[in-house]
Amino acid sequence: MSATVIPETSGGISTASAMRRNFWRGVWRVMRRKPSRLAGAVILAGFVVMAVFGPMFYPDNLPGDANAITRPPSWEHWFGTDPQGRDVLALVITGSRYVLLSAAVTALITVVFGTGLGLFSGFKRGRWDTVLMRVTDMKLTIPGLPLLLVLATVWKFGNPLQMGLVLGLLGWGGVARAVRAQTLSLRERGFIEAARGLGLSTGHIIGKELLPSMAPYIAMNMLIAVTGAVYAQVGLFFLGVLPYESNNWGVMLNLAVFQAGAMITPYALGYLLAPLLAILLLTLGIVLVVDAMDEIFNPRLREE
C-alpha cells in the first residue's frame with residue numbers, strides 16, 4: 001500500500017510545485033515585457049514599506065519648529081514645512097499608515113463580502129437570489145455622505161480600522177452585483193454542469209470551481225477598491241466632514257488650503273503638493289499593476 005501511495009503523493013506535490021513555478025515565471029515575463037508594470041509594482045511596494053516602517057522613525061506628534069514656519073522646499077525640508085514648523089515629508093510618511101490601512105480594510109471587506117454574496121446569489125438563483133439582491137439594492141440606495149455625517153457624531157474616526165469598516169460596509173453593493181453577473185455567466189459552463197452532475201456540494205462548486213475562475217476579476221476589484229477608499233477618506237477629511245483626530249493626507253490638504261493658504265502663498269505650495277503627489281503616485285502604481293494582472297490572467301493577451 002505504501003509503495004503505491006507515496007509515489008502518487010510526491011507526484012502530486014511535484015506537479016503542484018511545477019505549476020506554481022510556471023505561474024511565477026509567467027508573471028515575471030509579463031512584468032518584464034513592459035518596464036512600466038515593474039515600476040507600478042515598485043511604487044506599490046514602496047508605499048507599503050512606507051506605511052509599515054515609516055512611522056516607526058517619527059514620534060506620534062511631530063515636533064514643530066517656531067523658527068521654520070511655512071518654509072518653502074529646501075535640502076533640509078524637501079517639501080517645506082507646515083504652519084507649525086513640521087516637516088511636510090514626515091507628515092506624508094506618518095499619514096500614509098492611516099490612509100493605506102483604512103483603504104486595505106475597506107478593500108478587504110468590500111471584496112470578501114461582495115464576492116461571497118454575489119457568488120452565492122448567482123449560483124443558487126431562486127428565492128435566495130431574489131432576497132439577497134433586494135438587500136443589495138436597498139444598500140445601494142443608502143446615501144454614504146449623510147450616514148458618515150451621523151456616524152461622525154459618535155465616532156471620531158481616529159482609528160483607521162473604523163474608517164475602513166464603515167467605507168467597506170458602504171461599498172460592497174457594486175461588487176456583489178458585478179460578481180453575481182459573472183456567476184450567472186459561469187454557472188452555465190460545461191465544467192459547472194459536470195460538477196453539479198457529480199453531486200458535489202454547493203460550497204465545493206463555489207469555492208473550488210467558480211472562485212478560481214473569477215480570481216483575476218476579484219483581485220482587480222480589490223485594487224480598484226483601494227483607490228476608491230483613498231479618494232473617499234481623503235475627500236471627507238479635506239471637506240472637513242470628519243474631525244481632525246489623526247494625521248492623514250486629507251487633513252494635510254485641508255490645512256494646506258484653508259490654514260496655510262497654499263493657493264495664494266507660494267511658500268506653502270509644497271504643503272499642498274506633497275499629499276497630492278502621494279495620491280497620484282499610489283493611483284498610478286495601482287493602474288499599472290492592474291494592467292499587468294489583466295495580461296497575467298488573460299491567456300489571449302499572453303499569447304500576443
Side-chain angles (χ1 to χ4, degrees), residues 40-62 78-80 82 84 86-112 144-145 148 151-152 155-172 221-260 262 270-290:
V42 170
I43 290 172
L44 286 186
F47 273 102
V48 171
V49 171
M50 182 173 70
V52 173
F53 299 105
M56 297 179 182
F57 297 96
Y58 298 98
D60 292 336
N61 296 315
L62 290 173
W78 289 5
F79 289 95
D82 72 344
Q84 300 180 39
R86 298 176 298 181
D87 183 72
V88 172
L89 181 59
L91 290 173
V92 172
I93 293 174
T94 55
S96 64
R97 175 171 292 181
Y98 184 103
V99 174
L100 293 184
L101 181 57
S102 59
V105 173
T106 300
L108 184 64
I109 294 174
T110 298
V111 171
V112 170
L145 182 59
L148 284 170
L151 291 176
W155 286 347
K156 299 303 181 182
F157 291 101
N159 189 331
L161 298 180
Q162 293 177 346
M163 174 63 76
L165 175 64
V166 173
L167 291 178
L169 292 177
L170 289 174
W172 57 266
N221 268 279
M222 178 171 283
L223 288 175
I224 294 170
V226 169
T227 307
V230 170
Y231 290 159
Q233 61 180 294
V234 168
L236 289 170
F237 279 108
F238 172 73
L239 294 174
V241 172
L242 303 177
Y244 303 154
E245 295 291 329
S246 61
N247 175 33
N248 63 69
W249 300 341
V251 173
M252 291 181 64
L253 290 173
N254 182 285
L255 296 179
V257 173
F258 299 109
Q259 186 183 90
Y271 191 22
L272 176 66
L273 292 179
L276 287 176
L277 181 61
I279 296 170
L280 176 63
L281 282 176
L282 179 61
T283 305
L284 177 63
I286 291 174
V287 169
L288 293 175
V289 171
V290 168

Q: Can you tell me how far apart CZ (Arg97) and CG (Asn248) are? Round to the nearest 0.5 Å.
A: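 Spacing of CZ (Arg97) from CG (Asn248) equals 14.0 Å.
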
Q: Just so I know, are the side chains of Val92 and Phe79 near enough to count as touching, which here means a heavy-atom distance under 4.5 Å?
A: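 Val92 does not reach Phe79 side chain to side chain.
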
Q: For Leu282, run the side chain to side chain contact (heavy atoms under 4.5 Å, CB included) check against Thr227, Ile43, Leu277, Leu44 and tell me which one passes.
A: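 Answer after filtering Thr227, Ile43, Leu277, Leu44: Leu44.
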
Q: How long is the straight-line distance from CG of Leu255 back to OH of Tyr271, given to the nearest 0.5 Å?
A: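 These two atoms lie 4.5 Å from each other.
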
Q: Of all residues at least two apart in sequence or in a different chain, which pass the side chain to side chain donor-acceptor pair (under 3.5 Å) check with Thr110?
A: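 Applying side chain to side chain donor-acceptor pair (under 3.5 Å) to Thr110 gives none.
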
Q: Please find the pair of heavy atoms, one from Gly95 and one from Trp249, that lie closest to each other, and give the distance.
A: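 Result for this residue pair: C-NE1, 3.9 Å.
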
Q: At their closest point, which heavy atom of Leu101 faces which heavy atom of Pro160, and how far apart are they?
A: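 Heavy atoms of Leu101 and Pro160 come nearest at CD2-CG, 3.6 Å.
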
Q: Using ring-ring contact (aromatic ring centres under 6.0 Å, His included) as the criterion, list what pairs up with Trp172, not counting sequence neighbours.
A: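 Counting only residues at least two positions away or on another chain, Trp172 forms a ring-ring contact (aromatic ring centres under 6.0 Å, His included) with Phe113.
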
Q: Less than 4.5 Å apart, side chain to side chain, heavy atoms only: is that true for Tyr231 and Ile279?
A: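 Side chain of Tyr231 against side chain of Ile279, heavy atoms only: contact under 4.5 Å found.
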
Q: Drop me the distance from Thr283's OG1 to Ile224's CD1, to the nearest 0.5 angstrom.
A: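 Taking OG1 in Thr283 and CD1 in Ile224, the distance rounds to 12.0 Å.
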
Q: Do Leu100 and Met50 come within less than 4.5 Å of each other through their side chains, counting heavy atoms only?
A: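 The answer is no; the side chains never approach within 4.5 Å.
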
Q: Kindly compute the distance separating CD1 (Ile93) from CE (Met56), expressed to the nearest 0.5 Å.
A: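 Interatomic distance, Ile93 CD1 to Met56 CE, rounded to 0.5 Å: 13.5 Å.
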
Q: Hey, what do you get for OH (Tyr58) to OG1 (Thr94), rounding to the nearest 0.5 Å?
A: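 Going from the OH atom of Tyr58 to the OG1 atom of Thr94 covers 8.0 Å.
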
Q: Taking C-beta and beyond as the side chain, do Val289 and Ile286 meet within less than 4.5 Å on heavy atoms?
A: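 Side-chain contact under 4.5 Å: no.
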
Q: Mind listing the closest non-hydrogen atom pair of Tyr98 and Phe237 along with its distance?
A: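 Distance-wise, the nearest heavy atoms are OH-CZ, 3.6 Å.
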
Q: Please report the closest heavy-atom contact between Gly164 and Val105, naming both atoms and the distance.
A: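 It is C-CG1, 3.7 Å.
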
Q: Grab the two heavy atoms, one from Ala278 and one from Phe47, that are nearest each other, plus how far apart they are.
A: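 Taking every non-hydrogen atom into account, O-CZ, 3.2 Å.
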
Q: Looking only at heavy atoms, which two atoms of Met222 and Ala107 are closest? And how far apart?
A: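 Here Met222 and Ala107 meet closest at O-CB, 3.5 Å.
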
Q: Out of curiosity, Asn254 CG to Leu236 CG, how far, rounded to the nearest 0.5 Å?
A: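 So the CG of Asn254 and the CG of Leu236 are separated by 11.5 Å.
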
Q: Just jot down the salt bridge (charged side-chain N to carboxylate O under 4.0 Å, His left out) partners of Asp82, sequence neighbours excluded, or say none.
A: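 Per chain and number, Asp82 pairs via salt bridge (charged side-chain N to carboxylate O under 4.0 Å, His left out) with Arg86.
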
